[in-house]
**Student:** 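Supplied in structure tokens, the structure appears directly below.
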Amino acid sequence: MAKIQMKTPLVEMDGDEMTRIIWKMIKEQLLFPYIDLKTEYYDLGLENRDRTDDRVTVESAEATKKYGVAVKCATITPNAQRVEEYKLKEMWKSPNGTIRAILDGTVFRAPILVRGIEPFVSTWKKPITIARHAYGDVYKASETVAPKGARAEIVVTDENGTEMRTLIHDFASGAGIVQGMHNIDGSIESFARSCFNYALSTGQDLWFATKDTISKKYDHRFKDIFAEIYEAEYKAKFKEKGIEYFYTLIDDAVARVIRSEGGFIWACKNYDGDVMSDMVATAFGSLAMMTSVLVSPDGIYEYEAAHGTVQRHYYAHLKGQQTSTNSMATLFAWTGALRKRGELDGIEELSAFADKLETAAIRTIEDGVMTKDLFLLSKAENKRAVDTEAFILAVRDNLEKLL
Ligand code: NAP
Ligand code: MG
């Protein structure tokens, strides 16, 4: 079979530890034999970030803006221990944070569903994709302790020096705590557009929820901005695509999500998304089966796995021990990016290949061949736990049957 040709390169962001090992295996076993893979390669491995004073991260994000589609390997976010371990010049910032800030994007996380690994919520039949607004609110809040007798106010001073004061609380009868938080219309607008675009791109309904009945100015602003952008820019497109935008209260959303069969995008404010994404990921089974895509408001896509670099497995691997690391989410990052590249460049063969590779991977697990993390969860009858590489080779066997 002739290799599939690409037009525009994918931006390839390599990463760290066990996922870096998997990255190479996926390319060698599942991509190179079938695609004349064109990528613009950026090494976001921690050593190279340190060597380049983290410029490589910024350059990879700029390249993503230029080409429109990127695929990223998991990377170490340095902490004090990593600074020591890698003798870093600085405690470099999270690459994902840097890339997200440059692309102004929203992260969408969705589980990969396979037969035999049933969600804990029995009604869930299709993936629930969570979109988390990753700016502001409690994550950029200022807080303080208020002593007894204090009076706390919100003071907003406009550019002419005029003060607007709102009483928060009079602590006359006892000490307490105060928190001030903010968000920005522009950030909420970008979030809304990323969500509406992703709903159109994937053909799924979009749900959004806040606590606007209690928070009549703050949360209400989120509700209004979504509604205005939907009316002005997306209503007609949603109708044409046969999908819906649905707004409700956050409590009602939670109740409906549990009763639903899935298959929609749930847009969440920052804190809701932080909490709910952990709940949804766990309820679907495994972090190793969670995909993630960063979508900018102007339609730029960066695909990755939701999990980290699987450090514990990497250290075992370095000691020469056998590992059983699940490559599904990293593989689906590649297929997501290849499919999108195929769509944008009009290369049907490339998108079809991505579909087949996903089918082959899912079939491998459904046939009972899986890594240890899934072996513990799976109800498949002939299930068998295999090592990291054996799983990828089993996917290749199944892929060959589909080509
Ligand atoms: P992690 O890499 O997600 O792994 C945590 C644990 O989850 C693993 O030890 C393993 O459990 C299980 N696991 C995760 N992915 C798996 C997979 N593909 N196959 C099998 N098991 C899997 O989180 P971490 O160990 O807390 O973080 C390691 C590094 O990743 C950190 O330096 C962090 O900064 C980075 N990180 C990066 C990203 C990103 O780039 N998007 C996201 C999160 C964390 P068992 O050990 O029980 O087998
Ligand atoms: Mg969380």
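We count ligands from 1, going down the list as the structure has it; atoms in each ligand are counted the same way. Values below: every heavy atom of this structure, side chains too, minus hydrogens, waters and symmetry copies.
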**Student:** Taking the cut-offs as 6.0 angstrom to the six-membered ring centre and 45 degrees off its axis, would you call K235 and Y230 a cation-pi pair?
**Tutor:**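 Negative - K235 is either too far from the ring of Y230 or too far off its axis.
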**Student:** Tell me the contacting part of R312 for ligand 1: side chain, backbone, both, or neither, using a 4.0 Å heavy-atom threshold, strictly below.
**Tutor:**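 The side chain, only.
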**Student:** May I ask whether atom 12 (C) of ligand 1 is less than 4.0 Å from at least one protein heavy atom?
**Tutor:**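 No; the ligand atom in question lacks any protein heavy-atom contact below 4.0 Å.
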**Student:** Tell me, which protein residue and heavy-atom name are nearest atom 4 (O) of ligand 1, and how many Å apart are they?
**Tutor:**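 In this structure, atom 4 (O) of ligand 1 has V310 CA, 4.2 Å as its nearest protein heavy atom.
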**Student:** Which one holds for M328 and ligand 1: side chain close, backbone close, both close, or neither close, with close meaning a heavy atom under 4.0 Å?
**Tutor:**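 For M328, no heavy atom sits under 4.0 Å from ligand 1.
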**Student:** So is T325 touching ligand 1 or not, going by heavy atoms under 4.0 Å?
**Tutor:**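 It does; at least one heavy atom falls under 4.0 Å.
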**Student:** Look at D219 together with K269 and state whether they make a salt bridge at an N to O cut-off of under 4.0 Å.
**Tutor:**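 K269 and D219: salt-bridged.
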**Student:** Between K72 and ligand 1, which residue portion shows a heavy-atom distance shorter than 4.0 Å: side chain, backbone, both, or neither?
**Tutor:**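 Under 4.0 Å from ligand 1, K72 contributes side-chain atoms alone.
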**Student:** Please tell me if atom 27 (O) of ligand 1 is touched by the protein, where touching means a protein heavy-atom distance below 4.0 Å.
**Tutor:**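 There is no protein heavy atom less than 4.0 Å from atom 27 (O) of ligand 1.
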**Student:** Does E40 have any salt bridge (Lys or Arg N to Asp or Glu O under 4.0 Å) partners at least two apart in sequence or in another chain, and if so, which?
**Tutor:**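 E40 satisfies salt bridge (Lys or Arg N to Asp or Glu O under 4.0 Å) with no residue once adjacent residues are dropped.
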**Student:** Not counting sequence neighbours, which residues clear ring pair (Phe, Tyr, Trp, His ring centres under 6.0 Å) with H169? List them please.
**Tutor:**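 Testing H169 for ring pair (Phe, Tyr, Trp, His ring centres under 6.0 Å), a comparison that skips the adjacent residues, returns F171.
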**Student:** For F353, does the six-membered ring have the charged nitrogen or CZ of K356 within the cation-pi criterion, i.e. under 6.0 angstrom from the centroid and within 45° of the normal?
**Tutor:**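 Negative - K356 is either too far from the ring of F353 or too far off its axis.
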**Student:** Applying a 4.0 Å heavy-atom criterion (strictly less than), which segment of N96 is in contact with ligand 1: side chain, backbone, both, or neither?
**Tutor:**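 It is the side chain that gets close, since no backbone atom is under 4.0 Å.
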**Student:** Nearest heavy atom to atom 31 (C) of ligand 1: which of E17, M290, Q311, R82 does it belong to?
**Tutor:**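 The option holding the nearest heavy atom is R82.
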**Student:** In this structure, which one of K27, K38, K72 forms a salt bridge (charged side-chain N to carboxylate O under 4.0 Å, His left out) with E12?
**Tutor:**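 Answer to the salt bridge (charged side-chain N to carboxylate O under 4.0 Å, His left out) test with E12 among K27, K38, K72: K27.
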